2 protein chains.
Amino acid sequence: MTTSHGRRATIRDVALAAGVSISTASNALNGQGRTNAETRDRVKHIAEKIGFRPNALARGLLSRRSHSIGMITNDTYGRLTLPMTAGVSEALVDHGVSVFLCATNNDPRLARLHLEALLDKQVDGIIFTATRLDLAPQVDLSRLPIPVVYAFAEGPDTSVSFVPDDHQGARLAVEHLLSLGHRRILHITGPEDFAAVRRRAAAYRASLGGEGEVMFGPWGEDWGHEAVHRILTRPEPRPDAIFCGSDETARGVIDALRDHGLSVPSDIAVVGFDNWHVVAAQTRPALTTIDMGLKELGRRAGLAMLDLTQGKPVASGINYIACELVVRASCGTDLAGQSLMSS
Amino acid sequence: MTTSHGRRATIRDVALAAGVSISTASNALNGQGRTNAETRDRVKHIAEKIGFRPNALARGLLSRRSHSIGMITNDTYGRLTLPMTAGVSEALVDHGVSVFLCATNNDPRLARLHLEALLDKQVDGIIFTATRLDLAPQVDLSRLPIPVVYAFAEGPDTSVSFVPDDHQGARLAVEHLLSLGHRRILHITGPEDFAAVRRRAAAYRASLGGEGEVMFGPWGEDWGHEAVHRILTRPEPRPDAIFCGSDETARGVIDALRDHGLSVPSDIAVVGFDNWHVVAAQTRPALTTIDMGLKELGRRAGLAMLDLTQGKPVASGINYIACELVVRASCGTDLAGQSLMSS
DNA sequence: GTGAAAGCGCTAACAT
DNA sequence: ATGTTAGCGCTTTCAC
């Protein structure tokens, strides 16, 4: 991949070895057809032999395209960012585009520093990513001379954004429960000030024809325990299924139900949201849940960025990426026939 | 940050506006002192006013330093990679160095593609990262013309590597248990073919003066349940504490103990390993565990890379980064006085 | 079909 | 102290 003698081979070396001029070598390699076939083959062969690879910096200087983009995230934890980054990379690596990852840790100073470094490096575009949909960047991305795409974040109306389709995902969950014969479905979820939480709750209600009960609370397993405790110590009829706004909450719910001697899914079925493997797969029983397709979301964002950098038109607005239902054991796969089926 | 008229301001624009030559402008900005103070101030002021920022591509072409490095990881999940990347970035961003993140997904083709793109972009160095210490890169990094640093991976002897100090971490855990008065400490851990597992087990045995019992098994919570079942259904005296090789295993252990009517930490104390927040903080009781300091590990790797790219000597070999004990509730904080203290 | 020359934006000799 | 010149590695007119 490199010449044995330190410095990489340049096009000059190729030209020299082939006995042609630099420009002919360039023509031959980039195959503009304006070269003699014999010469072209010879040059190409020599280039390969001495391991010539064009210097992307030099190319970028001339073409004004660095073939690199920046990704700015406030997530230090990685659960959301890495799958998305992998998706972005996957879409771009075949086009020779690499991704700078910048973790701002929610620090405006860091965000500014990273942004400046990216602009200095002439990135072709920037993808902004957050840990929650309604979190704004800590720097102004609206007046940049390069395209900006929002992934798992909602940019201004004129920009291009990709977010999970929380509405469809929640509907998927509820309809799955309905199809299994459950009718008294409860929704235990996160804090109402999260956009995603409100959307999932709205979709849940809509799927139930406007009925249903939503319990908002903090994220985390504790809230699952607490919520279960509340519903089991009150007089009303018990739910026969619970749709949770996150896998962590669902895990708390399932553990609490077991503590109370109720069995999942036969007494109460549970569906989660996130498909966060370490939680969903380890819950007993393993969690039926909604996968947000983060890698696919990243891939889509990457493809959009590719189009933008190539000057192709991309429709502005928010793109909702479909969620998927992942069926595990916490929610019986049998259709109907449940004892608590009557509403 | 940018001129209003599309293209970024170049040093030419600065020179023009200041009425000096390009090289004088360059001198003034890079303050080699070889400029008249008045001119320098004027140039600097104008540069700031029109928002001039040097083109890093052009600079890199000349200086042969791109001020960017590549990070190659096989982790799609992010639990290890993102904290480390954040640490690397943190160490480098102040020096204007940005980080390309390349997720290979364990695919050699992807790894090769990414590596080529990085080399083409003239990265100043490459940091290789893996999800387990003894995992080798899918591409040959040994004959690269640029420095390579291994983070959470062990490179060849001649290279620079940073790994968690599993030995010290495990000792920390066991000594903590000993200091609380526990004597019959059991070790339930992962598969023996993991280097980290063997090290933790060895340190555990050493801390116990060569005594102790190690139960190897698959990662995951199930193994925790299974292992607890085994020790509770056999005749020998019960352990009064369990040191687990991962937080997930520890969670399984704690849940299983509770199922068997044993209480943590009063009957049996438990310590985990990883400080993986979603697991450790949600366990009931919350998990006392070992934090591997991944961000610090990344920071150290970043600093080493910085030195290497500046031609400073860096000692080759493996650097062990100290782990930290994080005390939560699964392991009483009281000293001695435990009922089971007698060995 | 091929090569000489200009230039991307910048820095660093070397003159002046 | 400042300006002129050359050149980093590459692509691209434009002569020949």
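All values reported here derive from a predicted model rather than from experimental measurement.
Comparing atom distances between the A/L62 side chain and each of C/dT2, D/dG3, D/dC10 picks out D/dC10 as nearest. Listed nucleotides C/dT11, C/dC8, D/dT2 differ in distance to B/I11; the shortest reach to its side chain belongs to C/dT11. Closest to the side chain of B/N36, out of D/dA1, C/dC10, C/dG9, is D/dA1. Nearest to the side chain of B/T10, among D/dG3, C/dG9, D/dG9, sits C/dG9.
By the ring-ring contact (aromatic ring centres under 6.0 Å, His included) test, A/Y320 is found to be paired with no residue, residues two or more places apart in sequence or in another chain being considered. Partners of A/T81 according to the side-chain hydrogen bond (donor to acceptor under 3.5 Å, both in side chains) rule, which considers only residues two or more places apart in sequence or in another chain, are A/T73, A/D75. With sequence neighbours excluded, no residue satisfies side-chain hydrogen bond (donor to acceptor under 3.5 Å, both in side chains) with B/D13.
Among the protein residues, B/T39 comes within range of the sugar-phosphate backbone only, with heavy atoms under 4.0 Å from sugar or phosphate atoms but none that close to a base. Base engagement by A/S26 is indicated by at least one non-hydrogen atom pair under 4.0 Å involving a base atom.
Five base pairs at each end of the helix from C/dG1-D/dC16 to C/dT16-D/dA1 define two local axes, and these are offset by 50° (rounded to 10°).
Side-chain N/O atoms of B/S23 and base N/O atoms of D/dG3 include a donor-acceptor pair closer than 3.5 Å.
When the P atom of D/dA1 is taken as reference, atom CD1 of B/I22 falls 21 Å away, rounded to whole Å. C/dA15 atom P lies 16 Å from atom CG of B/N27, rounded to whole Å. If you take CZ of A/R12 and P of C/dA4, they are 12 Å apart, rounded to a whole angstrom. The CZ atom of A/R8 sits 16 Å away from the P atom of D/dC8 (whole-angstrom rounding). In this structure, A/R7 places its CZ atom 6 Å from P of D/dG9, rounding to the nearest Å. Regarding B/N55, its CG atom lies at a distance of 7 Å from the P atom of C/dG9, rounded to whole Å. Atoms CG (A/D120) and P (C/dC10) sit 10 Å apart, rounded to a whole Å. With rounding to whole Å, A/L61 atom CG is found 12 Å from D/dT11 atom P.
Residue A/T35 places none of its side-chain N or O atoms closer than 4.0 Å to OP1 or OP2 of C/dG1. For the OP1/OP2 pair of D/dT11 and a distance below 4.0 Å, the side-chain nitrogens and oxygens of A/N30 include at least one atom meeting the criterion. For A/R64 and C/dC8, the shortest distance from a side-chain N or O to OP1 or OP2 is not below 4.0 Å. Of the side-chain N and O atoms in A/R53, none sit less than 4.0 angstrom from OP1 or OP2 of D/dG9. For the pair A/S21 and C/dG3, the criterion of a side-chain N or O lying under 4.0 Å from OP1 or OP2 is met. At the phosphate of C/dT11, OP1 or OP2 sits under 4.0 Å from a side-chain N or O atom of B/R59.
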Anything under 3.5 Å between a donor and an acceptor, one on a side chain of residues 305-312 of chain A, the other on a protein residue two or more places apart or in another chain? List them.
from   : atom 1 : to     : atom 2 : distance (Å)
A/T309 : OG1    : A/R65  : NH2    : 3.3
A/T309 : OG1    : A/M305 : O      : 3.3
A/T309 : OG1    : A/L306 : O      : 2.8
A/Q310 : OE1    : A/K312 : NZ     : 3.2

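Going from atom CZ of B/F52 over to atom OG1 of B/T10 covers 7.0 Å, rounded to the nearest 0.5 Å.
When the nearest nucleotides of DNA chain C are assigned to B/L57 and A/R42 by heavy-atom distance, the more 5′-ward of the two goes with A/R42. For the pair B/A58 and B/T24, nearest-nucleotide mapping onto DNA chain D gives the more 5' position to B/T24.
Screening residues 19-29 of chain B for salt bridge (charged side-chain N to carboxylate O under 4.0 Å, His left out), with sequence neighbours left out, gives no hits.
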Inset, instruction - Show the numbers, then the answer: is there a salt bridge (Lys or Arg N to Asp or Glu O under 4.0 Å) between B/D107 and B/R112? - result: CA-CA 9 Å; B/D107 175 351; B/R112 232 198 43 242; over 6 Å; no
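Cation-pi check for A/R300 over A/F162 is not met; the charged atom does not lie both under 6.0 angstrom from the ring centroid and within 45 degrees of its normal.
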